[in-house]
Amino acid sequence: MQIGCSAPTSGPLIGPDSLLRIATEAESLGYDYVTVSDHVIIPTSIASRYPYTDSGEFPSGAAAPRLEQLTAATFIAAATSTLRIVTSVMVVPHRPAVLTAKILATIDYLSKGRLTLGIGAGWCEEEFIAIGTLPFAERGAVTDEFMAACRELWTAEEPSFNGKYVKFKDVLFPPRPPKGALPIWVGGESGPALRRTARYGDAWYPIGTNPQFPMDTLTRFKAGVAKLRDLTDKAGRNPAAVGLAYRVSSHPEAQPKGSVDGERKLFTGTAADYVGDIKALREVGVTAFDFGLFGPDLDTTIDKMKRFRDDIVEKVR
């Protein structure tokens, strides 16, 4: 089982010294990976609905200084030696497919195979417009085709691709990722996210707190897994080949112990509650968990990371 924590890409902890300290402490404390999030630019007026709040509003800290995800991942990789880096998640349509494939392959090559690619199709139409992407309405199809193009470049000796959005042939691409195609964790809880996972994902990577598609109780999560297994089988793949990861945006004591329809709400309450939830989800097949452990400053964040390791990680391994 792998346990990870977030590395900051926005807010007061993104300075090079703070980011370096958090990454190296995560490695020395025995965390398996850190996550890095993805927003290139934040529009000042957003009508698009954010999936992870009840109101649909993007969190109030959105205007904070922000790092570019893949550059931050490169910085972290250079400062560490065993820590994995997980994009959580990379908004696939934000960047051209061939360039994205090369950047990701470069990070993975230089880190000696330590990159895991968490992906999503994106939710903020205003950001897509500002970046100049392909049409927002086509983001699902764009995501799938871009990932197919990336895998072709990562694995084929003589890569070629002839799609609606991506076309190439007679090209050379080395160095490729040292372990073959990067592992792809598909983020999201909706039907399209599950179908995407079933078709080509190496793992499903939901957050439990999507109010439209909640995975915040054991019963709800098991139902999501059952649907995924059925879709994977119908896609002609072995359901056992698709792993399960689970992202938690908060930390112990951040939310009082809660319940939904008489069932305990996952990852609310104390450290002991978190230990129980990890063990319960492990029984369902989850093999990777990551948590948001940020505090208001660097010292508090490092303290949270240490206490989480002592109070939770050491009790579930």
Side-chain angles (χ1 to χ4, degrees), residues 9 35-43 48-52 58 66-74 85-108 115-156 159 161-168 173 176-177 180-207 210 213 228 231 235 242-243 245 247:
T9 55
T35 64
V36 287
S37 66
D38 188 19
H39 279 287
V40 174
I41 192 167
I42 302 298
S48 300
R49 182 178 180 84
Y50 179 63
Y52 298 104
F58 197 42
R66 191 170 297 272
L67 302 177
E68 193 280 322
Q69 180 190 53
L70 302 184
T71 312
T74 305
I85 300 101
V86 177
T87 59
S88 181
V89 291
M90 185 186 76
V91 182
V92 176
H94 277 180
R95 302 166 182 84
V98 174
L99 177 60
T100 298
K102 175 54 73 175
I103 294 171
L104 293 170
T106 299
I107 297 170
D108 197 55
L115 185 63
T116 294
L117 181 60
I119 66 165
W123 62 271
C124 184
E125 182 173 7
E126 293 85 355
E127 185 174 14
F128 276 53
I129 293 169
I131 293 170
T133 69
L134 289 162
F136 179 76
E138 300 175 39
R139 66 194 182 281
V142 169
T143 294
D144 294 339
E145 186 170 303
F146 278 22
M147 286 294 93
C150 285
R151 278 190 157 164
E152 172 72 7
L153 289 164
W154 293 334
T155 59
F161 198 89
N162 185 26
K164 177 179 179 180
Y165 308 106
V166 187
K167 300 178 188 295
F168 55 78
F173 194 75
R176 296 191 294 270
L182 297 178
I184 294 176
W185 291 5
V186 180
E189 304 76 30
S190 66
L194 286 168
R195 291 190 290 272
R196 182 167 292 117
T197 309
R199 287 196 304 271
Y200 61 81
D202 296 297
W204 182 36
Y205 185 37
I207 299 176
N210 184 333
F213 306 98
L228 171 65
L231 289 168
V242 180
R247 178 159 178 76

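What you see is a predicted model, and the numbers here were worked out from it, not measured in a lab. Note: hydrogens, waters and symmetry copies are ignored here, and every other heavy atom, side chains too, is used.
- Smallest separation of non-hydrogen atoms from A245 and P206: O-CD, 3.1 Å.
- Taking OG of S88 as the start and CG of L117 as the end, the distance is 11.0 Å to the nearest 0.5 Å.
- With values rounded to the nearest 0.5 angstrom, L182 atom CG is found 4.5 Å from D108 atom CG.
- Across T9 and A72, no two heavy atoms sit closer than the pair CG2-CB, 4.2 Å.
- E126 and S48 form a side-chain donor-acceptor contact under 3.5 Å, judged by distance and modelled atom types alone.
- A ring-centre distance under 6.0 Å is not found for W123 and Y52.
- The backbone N or O of Y200 sits less than 3.5 Å from a side-chain atom of R151, completing a donor-acceptor pair.
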>> Applying side-chain contact (heavy atoms from CB on, under 4.5 Å) to L153 and F161, what does each step give before you reach the verdict?
In response: CA-CA 9 Å; L153 289 164; F161 198 89; over 6 Å; no
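- Side-chain contact between W154 and L104: present, with at least one pair of heavy atoms (C-beta onward) separated by less than 4.5 Å.
- Between P43 and I41, the shortest heavy-atom distance links the atoms CD-O, 3.5 Å.
- Between V166 and A149, the closest heavy-atom pair is CG1-CB, 3.8 Å.
- Taking NE2 from H94 and CD from E68, the interatomic distance works out to 10.5 Å, rounded to the nearest 0.5 Å.
- Formation of a donor-acceptor pair under 3.5 Å by the W204 side chain with backbone atoms of G188 is found in this model.
- Two residues are said to be in side-chain contact when any heavy atoms from C-beta on lie closer than 4.5 Å; F128 and V91 meet this criterion.
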>> The test is side-chain contact (heavy atoms from CB on, under 4.5 Å); show your working for V89 and Y205 and say whether it passes.
In response: CA-CA 9 Å; V89 291; Y205 185 37; 4.0 Å; yes
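- You'll find the side chain of F136 stays beyond 4.5 Å of the side chain of I129, heavy atoms only.
- Side-chain contact between R95 and D38 is present, with at least one heavy-atom pair separated by less than 4.5 Å.
- The side-chain heavy atoms of L194 and F213, taken from C-beta on, include no pair separated by under 4.5 Å.
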> Could you walk me through whether M147 and R196 pass the side-chain contact (heavy atoms from CB on, under 4.5 Å) check?
Replying inline: CA-CA 11 Å; M147 286 294 93; R196 182 167 292 117; over 6 Å; no
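- Distance check, rounded to the nearest 0.5 Å: CD1 of I131 to NE2 of H39 gives 9.5 Å.
- Residues V40 and E127 come closest through the heavy atom pair N-OE2, 2.8 Å.
- We find the OG1-CD distance between T133 and E125 to be 9.0 Å, quoted to the nearest 0.5 Å.
- Residues I85 and T74 are not in side-chain contact: their nearest non-hydrogen atoms beyond the backbone lie 4.5 Å or more apart.
- Under the 4.5 Å side-chain criterion, counting only non-hydrogen atoms from C-beta, L228 is in contact with T197.
- Contact between P51 and N210 at its shortest, heavy atoms only, is O-OD1, 3.2 Å.
- Considering only heavy atoms from C-beta on, I119 comes within 4.5 Å of I184 through its side chain.
- If you take CZ on F173 and SG on C150, they are separated by 7.5 Å, rounding to the nearest 0.5 Å.
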